[in-house]
Visitor: 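Quick one: the structure is below, questions incoming.
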Amino acid sequence: VGRGATGVTYSARRVGEGEGAATSSTPDLVALKVTRLRGPGGWKAFDMAAREAAALSSLDHPGIPAFIASFDLDTPTDALRILVQRLVVGRTLADVVAAGGRGSPAQVEALARSLLAVAAHLASRAPPVVHRDIKPSNIVLEGGAWGGRPLWSISGASNASAAARAATATPCRTCWPPLPRPAPPSS
């Protein structure tokens, strides 16, 4: 779905039964934002991913993709911190505008009001949640066109087009058991 400075975001499909299975109240398409301990940023990025997950888990707003879970996963060569959110099917505002899409004055006003409501929600938290990367590529229009519900990508996990999401959706059978945080490397 995308690659950021400290991680990669994948699309996945929740399948199966039991813990982690899709239900009527949870989406079957999810975004998995993966931060590697041995990746860019090291422990700082790993810690920032934990703080991001904590902030997202406290948010409940229709303009923010729903937080589902976060967990750590050890591999033989690395430790991963994985943040799971609802996958938004749409295109970013930047992609829509770059493709020549222009909203009517009423659509632009509705978009601005919707985004201001999200900003007010973030500011109302105690402590306030600060978004440090507000830009059109972090606004996803559900359905991929003007008039679609705008969702503000707080984690950067929802920045792909519907076609890319559909093409890359893969099964995720064991995404949910919380694992202990790995110990820092010894000096």
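Heavy atoms only: backbone and side chains are in, while hydrogens, waters and symmetry mates are out.
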Visitor: Atom CG in Leu83, atom OG1 in Thr35: separation rounded to 0.5 Å?
Guide: 8.0 Å
Visitor: Of all the heavy-atom pairs spanning Asp74 and Ala79, show the shortest one and how long it is.
Guide: OD1-CB, 3.8 Å
Visitor: Measure from the side-chain N and O atoms of Arg81 to the backbone N and O of Leu37, and report whether any donor-acceptor pair falls under 3.5 Å.
Guide: no
Visitor: Would you mind reporting whether Leu141 and Arg91 have side-chain heavy atoms less than 4.5 Å apart?
Guide: no
Visitor: I would like to know whether Val89 and Leu29 meet side-chain contact (heavy atoms from CB on, under 4.5 Å); could you show each step before the answer?
Guide: CA-CA 9 Å; Val89 178; Leu29 289 178; 4.3 Å; yes
Visitor: What pairs of residues pass the ring-ring contact (aromatic ring centres under 6.0 Å, His included) test when at least one of them lies in residues 80-129, not counting sequence neighbours?
Guide: His61-His121
Visitor: Return the CG to CD1 distance between Leu73 and Ile82, rounded to the nearest 0.5 Å.
Guide: 5.0 Å
Visitor: Quick one: which residue pairs count as a ring-ring contact (aromatic ring centres under 6.0 Å, His included) with a foot in residues 74-114, not counting sequence neighbours?
Guide: none
Visitor: Do other residues, nucleotides or ligands put more than 12 heavy atoms under 6.0 Å from the CZ atom of Arg125?
Guide: yes
Visitor: Please report the closest heavy-atom contact between Val108 and Gly103, naming both atoms and the distance.
Guide: CG2-O, 3.9 Å
Visitor: My understanding is that only residues two or more places apart in sequence, or in another chain, count here; which of them pass side chain to side chain contact (heavy atoms under 4.5 Å, CB included) with Thr77?
Guide: Thr75
Visitor: I'd like to check Leu122 versus Ile64 (side-chain heavy atoms, cut-off strictly below 4.5 Å). Are they in contact?
Guide: yes
Visitor: Which atoms form the tightest heavy-atom contact between Pro65 and Val88, and what is the distance?
Guide: CG-CG2, 3.6 Å
Visitor: Could you tell me which non-hydrogen atom of Phe67 sits nearest to which non-hydrogen atom of Gln85, and how far apart they are?
Guide: CA-CG, 4.1 Å
Visitor: Kindly determine whether Val140 and Trp152 satisfy side-chain contact (heavy atoms from CB on, under 4.5 Å), including the steps that lead there.
Guide: CA-CA 6 Å; Val140 179; Trp152 198 345; over 6 Å; no
Visitor: So Met48 and Lys44, do their side chains get closer than 4.5 Å, heavy atoms only?
Guide: yes
Visitor: Tell me, please, which residues at least two apart from Arg51 pass side-chain hydrogen bond (donor to acceptor under 3.5 Å, both in side chains).
Guide: Asp47
Visitor: Indicate, with yes or no, if Leu116 and Ile134 share a hydrophobic cluster defined by side-chain heavy-atom contacts under 4.5 Å among Ile, Leu, Val, Met, Phe, Trp and Tyr.
Guide: no
Visitor: Distance from Leu87 atom CG to Leu151 atom CG, nearest 0.5 Å?
Guide: 11.0 Å
Visitor: Looking at CZ of Arg13 and CG of Asp28, how far apart are the two atoms once the value is rounded to the nearest 0.5 Å?
Guide: 5.0 Å
Visitor: Do Phe71 and Leu80 come within less than 4.5 Å of each other through their side chains, counting heavy atoms only?
Guide: no
Visitor: Does any N or O in the side chain of Asp78 come within less than 3.5 Å of the main-chain N or O of Arg38, such that one atom is a donor and the other an acceptor?
Guide: yes
Visitor: Looking at Ala12 and Leu32, what are the two nearest heavy atoms and their distance?
Guide: CB-CD1, 3.8 Å
Visitor: Can you list everything that forms a side chain to side chain contact (heavy atoms under 4.5 Å, CB included) with Ala112? Sequence neighbours excluded, please.
Guide: none
Visitor: Atom OG of Ser70 and atom NZ of Lys33: how far apart are they, to the nearest 0.5 Å?
Guide: 12.0 Å
Visitor: Work out which heavy atom in Leu115 is nearest to a heavy atom in Pro150; give both atom names and the distance.
Guide: CD2-CB, 4.4 Å
Visitor: Using side-chain hydrogen bond (donor to acceptor under 3.5 Å, both in side chains) as the criterion, list what pairs up with Arg149, not counting sequence neighbours.
Guide: Glu142
Visitor: What is the distance from atom CD1 of Ile68 to atom OG of Ser57, rounded to the nearest 0.5 Å?
Guide: 13.0 Å
